[in-house]
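A quick write-up on the structure given underneath.
Letters go in sequence order (proteins before strands), and every chain restarts at 1. Scope of the values below: all heavy atoms of this structure, side chains included, with no hydrogens, waters or symmetry mates.
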Amino acid sequence: GNSVTQMEGPVTLSEEAFLTINCTYTATGYPSLFWYVQYPGEGLQLLLKATKADDKGSNKGFEATYRKETTSFHLEKGSVQVSDSAVYFCALLNAGNMLTFGGGTRLMVKP
Amino acid sequence: SQTIHQWPATLVQPVGSPLSLECTVEGTSNPNLYWYRQAAGRGLQLLFYSVGIGQISSEVPQNLSASRPQDRQFILSSKKLLLSDSGFYLCAWSVRGLAGSNEQFFGPGTRLTVL
């Protein structure tokens with residue numbers, strides 16, 4: 001079956017620090033991969049996505065590269081801001097249009 | 001543009017009471033619709049999905065049910081709430097008929113507290 005594993009949080013960083021949130025997956029076939037962000041008290045917003053191997057998704061300074069050889073989709077940002085504090089979810093989409101989510105990683109950025 | 005609405009935004013209900021959460025989508029036709037639950041400090045769990053009016057698939061057996069009386073309306077219900085039903089309920093939609101890269105768009109969520 002499909003599964004997504006994320007590093008457990010919370011991740012606490014100072015402003016302007018480099019961010020990496022690890023995500024690995026198990027899936028049959030060639031899923032699409034996503035990062036969603038959930039700000040406090042809100043629903044999920046799509047942050048970025050990649051649909052095939054070696055694709056790089058990017059948005060708002062965040063990046064993630066679809067690595068088929070390591071089955072990974074790690075989220076990175078070069079310089080985080082306090083406003084990036086949120087919960088980040090890695091997810092995969094199979095051919096049946098079902099999303100499988102990781103457990104989420106809470107990021108806290110301190111000024 | 002497409003928008004997705006959920007109401008109520010927050011709800012506090014006693015154990016054993018009924019539940020009805022509503023989700024509506026605007027600006028698109030024939031969407032796939034989904035209900036997720038996020039328990040406190042945990043990830044998202046898919047509860048139900050629907051590919052059309054009256055077509056509901058359940059992912060997790062529980063005391064919840066879902067209905068789709070209209071193309072862009074998705075309702076989550078319970079006859080008797082349990083304490084374990086507390087959580088953040090998210091509705092989502094996606095374009096029907098596209099596989100692979102078909103992202104899901106989420107509503108603002110309903111926070112349910114069962115006392």
The reported gap from OH in A:Y36 to CZ in B:F106 (rounded to nearest 0.5 angstrom) is 5.0 Å
Same cluster for B:L47 and B:W7 if Ile/Leu/Val/Met/Phe/Trp/Tyr side chains link at under 4.5 Å?
-> no
Hey, quick one: are B:Y34 and B:I53 part of the same hydrophobic cluster, counting side-chain heavy atoms closer than 4.5 Å, chains of contacts allowed?
-> no
Quick one: does A:L44's side chain get under 4.5 Å of B:F105's, heavy atoms only?
-> no
Are B:I75 and B:Y49 in one and the same hydrophobic cluster, where Ile, Leu, Val, Met, Phe, Trp and Tyr link if side-chain heavy atoms are under 4.5 Å apart?
-> no
Most chain B-contacting option - heavy-atom pairs closer than 4.5 Å, from A:Q45, A:Q38, A:Q6 = A:Q38
Nonpolar side-chain network containing A:M108, other nodes, edges under 4.5 Å = none
When you look at CD of B:Q55, are more than 12 heavy atoms from neighbouring residues, nucleotides or ligands closer to it than 6.0 Å?
-> yes
Closest heavy-atom pair, A:E42 versus B:F88, reported as atoms and distance to 0.1 Å, is O-CE2, 3.3 Å
Most contacts with chain B, counted as non-hydrogen pairs under 4.5 angstrom, among A:T100, A:L99, A:L46 | A:L99
Please say whether more than 12 non-hydrogen atoms of neighbouring residues, nucleotides or ligands are located less than 6.0 Å from CD in B:Q73.
-> yes
For B:Q38 and A:F89, run side-chain contact (heavy atoms from CB on, under 4.5 Å): C-alpha distance rounded to whole Å, both residues' side-chain angles, the deciding distance at 0.1 Å, then the answer.
-> CA-CA 12 Å; B:Q38 183 181 27; A:F89 291 93; 3.2 Å; yes
With the side chain counted from C-beta on, respond yes when A:L93 and B:Q104 share a heavy-atom pair under 4.5 Å apart, and no when they do not.
-> yes
